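Single-structure report; data block below.
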There are 2 protein chains.
Amino acid sequence: MGRPSIKAERTAEILNAYEQCVARFGIEGATLERVASQAGLARALIRHNVGNRDALFDALVERFFDVSEQRVVDLIAALPERDRAPVLIDILFDVRHGNDTHVLVAEALIAAAADRPALAKRMKNWIDDFVSAIAAVLRHSYPDAAQGRVTAVATGVTGIYFNVDSLAMLGGMTDLRRNSKEAALLLVCTLED
Amino acid sequence: MGRPSIKAERTAEILNAYEQCVARFGIEGATLERVASQAGLARALIRHNVGNRDALFDALVERFFDVSEQRVVDLIAALPERDRAPVLIDILFDVRHGNDTHVLVAEALIAAAADRPALAKRMKNWIDDFVSAIAAVLRHSYPDAAQGRVTAVATGVTGIYFNVDSLAMLGGMTDLRRNSKEAALLLVCTLED
DNA sequence: TCTTTTATTATCAAAATTGATAATTTACAG
DNA sequence: CTGTAAATTATCAATTTTGATAATAAAAGA
């Protein structure tokens, strides 16, 4: 009985708006006013649905890791049985990821980790896990390649990918994206020898 | 006559502190209070030496481009006559650049460029110029390589380098730095064919 | 010492941000 | 229609941040 709750949807909307603000203004610059404005909601609704500033931050962090884990799972699942490496690069440097704030949020969290040791450890693991996932895909395509080289290539591909997403906010970065993708492919091809 | 002015030194100190805060908190999160605290000066001295918030931002932007240009000049000047490419990678991924905030400031400026079209254009040019400088070095070492491939490799090296500096704030990223450097070298070696 | 110029400090008001609570409206069940 | 639980709105005080000006202290030269 009573009015149906929409807390789940509202929370998602608020966290989406918060992510946009974090990507644009950073953690400390993402004020509740800006988040409310971005979400098109009254500021009091942020408190009603999520809580205060710290609660909002904590919710963002938890959702970030959940979403990140799911994205990696989906990414791997989208790969074919054969020729996984080039398809991986296709997906990573697809223009559809153009407006994606995930990497920007990650960088904001890394900055905020400066005085949050526990978060710093989680972000380090997050990077390691991502590189490891890329490395696993590469190992599948190049089972004879040396481990050290696979790790290096996976790190390089990850770096190029993160960088593209970092700079994507500028807009009109099609050349950079194309050249980055070509570089990633060249790097992967060094595992063929 | 009169008390000697130290505005130049104070301005440099303030901009240094501002850069640290921008790298950690972003443009909007770098409050005058934080900058003053970081600089160990009274907030009023920021106003006295540089001006208000907008003036501080403008001063940072101008110094950023000046320093950036000089750094590229110094980087090129530090290269030997032969084997420039590997030395370039050595310098780019040297651990001494560990506490360098230059790339972090660049990313903060890119974020702030979202509602500053003129700055967005300058940042795009900044990226292009950096990639072009790397490409020029690579062309010197590999004069027979195809232009498109040189551009791609230069873009990739730049991306890997930017990424390392982005994540360096986490600390203890020696593995990432080493693997990134190895990846950059592998990528450069694809120009040998 | 006196004057001049600048650095530094001391305050103040305005604006922005946050945390919190009360009042009101809305949607559904019975 | 009525009760109820939740959404939404309306306010308020406390804190932070900013912009600005006045007052004071310090360092040089004459």
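Computed from a predicted structure; not experimentally measured. Residue numbering restarts at 1 for every chain, and letters A, B, ... go by the order of the sequence lines.
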Output the rounded distance in Å from [atom1] ([X]) to [atom2] ([N]).
X       : N      : atom1 : atom2 : value
B:Arg53 : C:dA16 : CZ    : P     : 13 Å
A:Leu56 : C:dG19 : CG    : C1'   : 14 Å
A:Phe57 : C:dT18 : CZ    : C1'   : 17 Å
A:His48 : C:dT21 : NE2   : P     : 15 Å
A:Asn49 : D:dT9  : CG    : P     : 12 Å
A:Lys7  : D:dA5  : NZ    : C1'   : 12 Å

Exercise. Taking DNA chain C as the partner, which of residues 25-47 of chain A come within under 4.0 angstrom of it by heavy atom?
Worked result: A:Thr31, A:Leu32, A:Glu33, A:Arg43, A:Arg47
For this session: Return the set of residues passing side-chain contact (heavy atoms from CB on, under 4.5 Å) with A:Ala145 (not counting sequence neighbours), or none when no residue passes.
Result: A:Tyr142, A:Val150, A:Leu191
For this session: Output yes when A:Glu28 and A:Arg53 qualify as a salt bridge under the 4.0 Å nitrogen-oxygen rule, no when they do not.
Result: no
Ignoring hydrogens and angles, write down the donor-acceptor pairs under 3.5 Å from the side chains of residues 74-93 of chain B, residues two or more places apart or on other chains.
residue	atom	partner	partner atom	Å
B:Asp74	OD1	B:Gln70	NE2	2.9
B:Arg84	NE	B:Pro80	O	2.9
B:Asp90	OD1	B:Lys181	NZ	2.7

Return the polar atom pairs (N/O with N/O) between nucleotides 28-30 of chain D and the protein under 3.5 Å, or none.
none

For this session: With sequence neighbours left out, write down each residue that passes side-chain hydrogen bond (donor to acceptor under 3.5 Å, both in side chains) with B:Asp175, or none if nothing qualifies.
Result: B:Arg178
Exercise. B:Phe64: what forms a ring-ring contact (aromatic ring centres under 6.0 Å, His included) with it, not counting sequence neighbours?
Worked result: B:His102, B:Trp126
Seminar exercise, completed: For A:Phe130, the ring-ring contact (aromatic ring centres under 6.0 Å, His included) test, sequence neighbours excluded, returns A:Tyr161, A:Phe162
Problem set entry | Contacts of A:Glu19 that satisfy salt bridge (charged side-chain N to carboxylate O under 4.0 Å, His left out) - sequence neighbours left out | A:Arg63
Seminar exercise, completed: So, with a heavy-atom separation below 4.0 Å from DNA chain D, the residues of residues 8-24 of chain A are A:Arg10
For this session: Could you tell me the separation between the OG1 atom of B:Thr158 and the CG atom of B:Asn163, rounded to the nearest 0.5 Å?
Result: 12.0 Å
Listing request: all ring-ring contact (aromatic ring centres under 6.0 Å, His included) pairs with a residue in [range], at least two apart in sequence or in separate chains.
range                       : value
residues 27-54 of chain B   : none
residues 173-193 of chain A : none
residues 173-193 of chain B : none

For this session: Kindly say if A:Ser5 contacts the phosphate of D:dA5, meaning a side-chain N or O under 4.0 Å from OP1 or OP2.
Result: no
